[in-house]
Amino acid sequence: MSERFVPLLDARVRSVALPPSAQIRPALGHIADRLQRPLRDLRISVTDRCNFRCTYCMPKEVFNREHRFLPHSELLSFEEITRLAHVFVAHGVEKIRITGGEPLLRKDVTHLIGMLAELSTPDGGSVDLALTTNASLLRRHAAGLVRAGLKRVTVSLDALDDDVFRRMNDVGFPVADVLDGIDAAAAAGLPVKVNMVVQRGTNEQQILPMARFFKERAHVLRMIEYMDVGTTNGWRLDQVVPASEIVARIDSEMPLEPMEPNYPGEVARRWRYRDGRGEIGVVASVTQAFCRSCTRARLSIDGRLYLCLFASQGHDLRSLLRSGASDAQLSTAIGQIWGARADRYSELRGQAQADASAKVEMSYIGG
Ligand code: SAM
Ligand code: SF4
Ligand code: SF4
């Protein structure tokens with residue numbers, strides 16, 4: 001096994017000092033980091049396990065029988081997740097996305113959705129609660145997720161061609177079953193978006209078939225540039241299909257025009273079909289970095305707070321929780337961590353400053 005195939009799920013963790021009670025200021029309320037970016041979104045990874053082995057995310061060479069997934073005792077419980085989420089929401093988080101690994105593999109995840117759906121923002125609104133899934137278990141869970149309070153779902157599907165998709169998920173999972181999961185979610189009343197990671201030489205020929213198919217079905221398709229997340233997927237720049245090329249390919253057959261973002265800091269750039277029938281999004285994390293408007297924090301399965309998808313270290317909130325910290329202490333710690341944030345990996349990608357040596361895996365930190 002080569003050096004780069006060593007997954008980095010180890011102790012690259014900063015411990016977080018518990019603020020002494022005497023020093024606790026009321027730290028609730030909106031906070032900004034050193035680049036004046038507010039904290040608005042929280043991605044919570046609920047499992048590092050997955051029933052797929054997508055070659056760009058959990059390659060079989062690494063995530064095999066010898067791979068040690070975290071034991072249950074290491075995971076945050078639903079109560080711990082909800083308690084932390086409550087503190088994040090008080091700090092300005094408006095959107096929470098449940099992810100993984102495959103989040104629907106976490107036992108009783110619907111129950112967690114129900115607990116998070118109870119949270120309310122400081123102005124009394126509800127939190128925008130979403131989930132990203134490979135859809136393999138979506139038909140089974142769709143109605144329960146809606147009842148629990150899930151607002152939206154994003155389904156990952158990289159190809160319509162069955163052979164291409166089976167090769168990419170590397171467990172032979174059929175396209176038809178993902179489409180069935182999408183139909184079940186839509187029928188249960190969930191707005192569905194579809195994520196497609198585009199890789200040169202692997203599924204770029206699927207851009208147009210995917211665009212045509214989801215335009216017809218009125219689901220927003222988001223095409224994502226293949227990213228150098230983690231260290232196990234052997235990423236190369238020449239495998240990235242630039243978002244500009246993706247848009248040009250679609251525009252040549254189905255003319256497009258740019259749209260305004262839905263909200264400040266939206267990651268996907270939106271394009272609408274000129275015939276008025278639908279839109280797509282492109283996520284140009286490699287070729288057009290959007291770090292300046294990045295308002296996302298990520299909570300790993302074992303309760304470490306990561307400030308960037310490409311971070312090499314997380315901040316250990318689980319130890320704080322389990323050492324009996326009060327909500328005020330947690331709030332102060334999170335405020336201090338976010339306040340010191342200056343991450344902008346994608347802007348620096350390729351430069352000496354971007355330390356790519358020790359990034360965490362997407363399945364651990366959550367996509
Ligand atoms: N298992 C779920 C799924 O696939 O939807 C949720 C977790 S997955 C890590 C979240 C998203 O990250 C998926 O849409 C996946 O395609 C995307 N992803 C994973 N590795 C990626 C990479 N190297 N570049 C771009 N997107 C990636
Ligand atoms: Fe699993 Fe999602 Fe990663 Fe694919 S992208 S291996 S479905 S976690
Ligand atoms: Fe945000 Fe890091 Fe991605 Fe930049 S590289 S957009 S800071 S997650």
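Each ligand, and each atom within it, is numbered from 1 in the order the structure gives. The figures here come from the full heavy-atom set of this structure, side chains too, leaving out hydrogens, waters and symmetry mates.
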Exercise. What orientation do Tyr56 and Tyr226 show, parallel under 30°, tilted 30 to 60°, or perpendicular over 60°?
Worked result: perpendicular
Exercise. Any heavy atom of Ser156 sitting closer than 4.0 Å to ligand 2?
Worked result: no
Exercise. Got a sec: does the CZ of Arg147 have more than 12 other heavy atoms crowding it under 6.0 Å?
Worked result: no
Exercise. Side-chain heavy atoms under 4.5 angstrom apart, residues restricted to Ile, Leu, Val, Met, Phe, Trp, Tyr: same cluster for Ile81 and Met115?
Worked result: yes
For this session: Report yes or no: does Arg349 contribute a side-chain atom to a donor-acceptor pair with the main-chain N or O of Ala289 at less than 3.5 Å?
Result: no
Seminar exercise, completed: Value for CG (Leu119) from OG (Ser126), rounded to nearest 0.5 Å, stands at 10.0 Å
Problem set entry | Numbering as shown, the atoms of ligand 2 that approach Asn134 to under 4.0 Å (heavy-atom distance) | 7 (S)
Problem set entry | Atom indices of ligand 1 within 4.0 angstrom of Thr99 heavy atoms, with elements | 6 (C), 7 (C)
Seminar exercise, completed: Nearest heavy atom to atom 23 (N) of ligand 1, choosing from Glu102, Met227, Arg222, Gln239, belongs to Met227
For this session: Evaluate the ring planes of Phe173 and Phe165, with Trp represented by its six-membered ring, and classify them as parallel (under 30°), tilted (30 to 60°) or perpendicular (over 60°).
Result: perpendicular
Exercise. Using a heavy-atom cut-off of under 4.0 Å, does the side chain or the backbone of Asn195 touch ligand 1, or both, or neither?
Worked result: side chain
Exercise. If you draw a 6.0 Å radius around CD in Glu253, do more than 12 non-hydrogen atoms from other residues or ligands fall strictly inside?
Worked result: yes
Seminar exercise, completed: So the atoms of ligand 1 within less than 4.0 Å of a heavy atom of Gly100 turn out to be 7 (C), 9 (C)
Exercise. Which atoms of ligand 2 have any heavy atom of Cys54 under 4.0 Å away?
Worked result: 4 (Fe), 5 (S), 6 (S), 7 (S)
Seminar exercise, completed: Here the atoms of ligand 1 under 4.0 Å from any heavy atom belonging to Asn233 are 23 (N)
Problem set entry | atom 2 (Fe) of ligand 3: protein N, O or S atoms that are less than 2.8 Å away, sorted by chain | Cys308 SG
Problem set entry | Thr133, portion touching ligand 1 at heavy-atom distance under 4.0 Å | backbone
Exercise. Aromatic rings His67 and Phe69: how do their planes relate, parallel, tilted or perpendicular, breaks at 30° and 60°?
Worked result: perpendicular
For this session: Report yes or no: does a heavy atom of Gly101 sit under 4.0 Å from some atom of ligand 1?
Result: yes
Exercise. Is the shortest N/O to N/O distance between Ser156 and ligand 1 below 3.5 Å?
Worked result: yes
For this session: Report, in ascending order of atom number, the atoms of ligand 1 lying under 4.0 Å from any heavy atom of Asn134.
Result: 2 (C), 3 (C), 5 (O)
Problem set entry | Between His86 and Phe88, ring centroids under 6.0 Å | no
Exercise. How close do Trp271 and Met259 get, heavy atom to heavy atom, and via which atoms?
Worked result: C-SD, 3.9 Å
For this session: Among all protein heavy atoms, pick out the one at the shortest distance from atom 3 (Fe) of ligand 2; state its residue, atom name and that distance to 0.1 Å.
Result: Cys57 SG, 2.4 Å
Problem set entry | Closest candidate by heavy atom, reference atom 15 (C) of ligand 1, pool Tyr56, Tyr226, Phe52, Tyr364 | Tyr56
Problem set entry | Per-atom contacts, ligand 3 versus Phe290 - under 4.0 Å to a heavy atom | 6 (S)
Exercise. Counting heavy atoms only, which part of Cys50 comes closer than 4.0 Å to ligand 2: side chain, backbone, both or neither?
Worked result: side chain
Exercise. How long is the span from the CG atom in Leu309 to the CZ atom in Arg296, to the nearest 0.5 Å?
Worked result: 8.5 Å
For this session: Using heavy-atom distances, let me know which of Glu225, Arg49, Met362, Met168 sits nearest atom 19 (C) of ligand 1.
Result: Met362
